[in-house]
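One structure is given below, encoded as structure tokens.
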Amino acid sequence: MLIKSKRGWEIPEHLATPEGIFLSRRRLLGAGAGLIGASLLPGVAQAAETDPSASLYPAKRNERYTLDRPMTPEKDASSVNNYYEFGTNYDVGRAAAKLKVRPWTVTIDGMVEQPRQVGIDDLLKAMTLEERLYRHRCVEAWSMAVPWTGFPMKAFVDYARPLSGAKYVRMETFLDRDVAPGQSGRFYPWPYVEGLTMAEATNELAFLVTGVYGKPAQNQFGAPLRLATPWKYGFKSIKAIVKFTFTDQRPKSFWEVVQGAEYGFWANVNPQVSHPRWSQATEKDIATGERRPTLLYNGYGEFVAGLYGDPALKGEKLFM
Ligand SMILES: Nc1nc2c(c(=O)[nH]1)N[C@H]1C(S)=C(S)[C@@H](COP(=O)(O)O)O[C@H]1N2
Ligand SMILES: [Mo]
């Protein structure tokens with residue numbers, strides 16, 4: 001994520017423009033990639049062996065969600081990640097591997113029939129896993145296409161049994177400064193928070209991710225539970241979720257607090273609405289470097305455009 005007024009502990013100067021990001025990504029994908037991949041492999045194999053959910057993978061692919069572009073190779077998608085808890089660069093795999101993802105308790109509270117806590121493996125037993133190929137578009141104008149495994153957020157909302165007055169779901173990432181060095185940066189409002197309206201959370205596309213590439217997700221992808229809302233910019237897809245709070249108050253998301261003039265609550269992808277500091281008209285594939293025109297709602301308009309037709313939303317900044 002790029003923010004306007006650079007402070008000493010924030011992004012290095014060479015990352016301060018989208019081009020800088022791409023250059024540094026290319027460097028990562030070039031000389032560095034093999035090294036990073038190789039050094040991660042032992043940890044990865046170990047994680048897969050000890051992960052109590054490993055036998056649930058691979059899940060059956062849901063063919064309803066198709067790609068208009070090649071899937072991003074796993075080595076690229078897993079070596080270029082945004083996860084500020086573990087650093088402001090993109091090679092966070094090694095740092096994120098330190099996060100313990102078992103045991104992992106998910107809290108459900110706020111406007112629900114009965115607040116409760118559930119262990120991730122019990123939650124997985126209550127849900128049916130499927131695989132979906134989704135596009136993923138970062139607000140910084142890079143993109144990829146990944147095979148997520150998880151369950152529809154709608155199924156989770158049904159499980160959580162919110163009260164009829166709930167209008168939003170607020171999600172929160174873990175907070176542990178000992179494992180996540182980034183969380184010591186006092187400029188940021190940790191823990192990471194995101195939110196959706198109930199209509200968005202129960203839209204068929206909203207997906208809670210537990211795995212990717214046919215196996216439990218590596219930590220850098222947001223294990224053991226992260227969101228995927230492919231019609232929105234990537235910062236909405238919060239990683240390592242520990243809490244879902246149902247509420248009638250619109251949550252303030254992490255990046256909205258950090259830089260509200262540039263990153264809003266809605267964050268729907270739109271090629272015609274520029275970021276204040278760069279165009280969103282095109283995007284760059286992290287694996288191939290190829291540029292493509294950005295699509296309205298990241299190409300998912302048939303699923304989600306109806307969410308935003310309500311006259312009550314007039315005046316909302318739906319695309320930032
Ligand atoms: N907790 C948390 N979630 C997060 C982030 C983060 O820094 N912390 N980065 C966001 C951003 S800006 C993007 S683009 C995606 C990146 O997901 P990926 O690394 O799987 O590509 O995660 C999002 N979720
Ligand atoms: Mo992002």
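Both counts, for ligands and for their atoms, begin at 1 and track the order of listing. Computed from a prediction, not measured in an experiment: that's the story for all the values here.
At least one cation-pi condition fails for Lys239 and Tyr192: the charged atom is not both under 6.0 angstrom from the six-membered ring centre and inside a 45 degree cone around its axis. Note that Arg135 lies in the cation-pi zone of Tyr300, set by a 6.0 Å cut-off to the ring centre and a 45° limit from the axis. A cation-pi arrangement is absent between Arg64 and Phe303, since the terminal nitrogen or guanidinium carbon is not both under 6.0 Å from the aromatic centre and inside a 45° cone about the axis.
For ligand 1, the polar-atom distance check finds an N/O of Tyr84 within less than 3.5 Å of one of the ligand's N/O atoms. Residue Asn81 places at least one N or O, backbone or side chain, under 3.5 Å from an N or O of ligand 1.
Gln183 places a side-chain N or O within donor-acceptor distance of the main-chain N or O of Phe174, the cut-off being under 3.5 Å. Asn62 contributes no side-chain N or O that, together with a main-chain N or O of Arg132, makes up a donor-acceptor pair within less than 3.5 Å. One N or O on the side chain of Gln280 and one on the backbone of Val139 form a donor-acceptor pair closer than 3.5 Å.
Residue contacts with ligand 1 do not include Ala240, since none of its heavy atoms lies under 4.0 Å from the ligand. The closest approach between Met144 and ligand 1 falls below 4.0 Å for a heavy atom of the residue.
Ranking protein heavy atoms by distance to atom 24 (N) of ligand 1, first place goes to Ser237 O, 2.8 Å. Regarding atom 10 (C) of ligand 1, its nearest protein heavy-atom neighbour is Tyr192 OH, 3.5 Å. For atom 3 (N) of ligand 1, the nearest non-hydrogen atom of the protein is Lys239 N, 3.1 Å. Among protein heavy atoms, the minimum distance from atom 9 (N) of ligand 1 is reached at Asn82 OD1, 3.0 Å. Counting only heavy atoms of the protein, atom 8 (N) of ligand 1 lies nearest to Glu85 OE1, 2.8 Å.
Here is the list of ligand 1 atoms found below 4.0 Å of a heavy atom in Ile238: 3 (N), 24 (N). Each of the following atoms of ligand 1 lies closer than 4.0 Å to a heavy atom of Phe221: 20 (O). Applying the 4.0 Å criterion to heavy atoms of Gly234 picks out, from ligand 1, the atoms 10 (C), 11 (C), 13 (C), 14 (S), 15 (C), 22 (O), 23 (C). Below 4.0 Å from some heavy atom of Cys138 lie the following atoms of ligand 1, by number and element: 14 (S).
At a 4.0 Å heavy-atom cut-off, ligand 1 touches His136 through the side chain alone. Under 4.0 Å from ligand 1, the heavy atoms of Thr173 that appear belong solely to its side chain. Here Arg226 has side-chain heavy atoms under 4.0 Å from ligand 1, and that is the only part of it that gets that close. For Tyr83, heavy-atom contacts with ligand 1 shorter than 4.0 Å involve the backbone as well as the side chain.
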I would like to know whether Asp121 and Arg102 meet salt bridge (charged side-chain N to carboxylate O under 4.0 Å, His left out); could you show each step before the answer? CA-CA 9 Å; Asp121 293 300; Arg102 292 295 189 288; 2.7 Å; yes
Tell me, with the steps shown, if Leu196 and Tyr168 meet side-chain contact (heavy atoms from CB on, under 4.5 Å). CA-CA 6 Å; Leu196 295 173; Tyr168 302 93; over 6 Å; no
Audit row: Glu290, Arg69, salt bridge (charged side-chain N to carboxylate O under 4.0 Å, His left out) steps and yes/no: CA-CA 11 Å; Glu290 192 188 325; Arg69 61 195 68 176; over 6 Å; no
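A 4.5 Å side-chain heavy-atom check between Asp285 and Met144 finds every atom pair outside the cut-off.
A pairwise comparison of heavy atoms in Ala166 and Met198 identifies O-CG, 3.4 Å as the closest pair.
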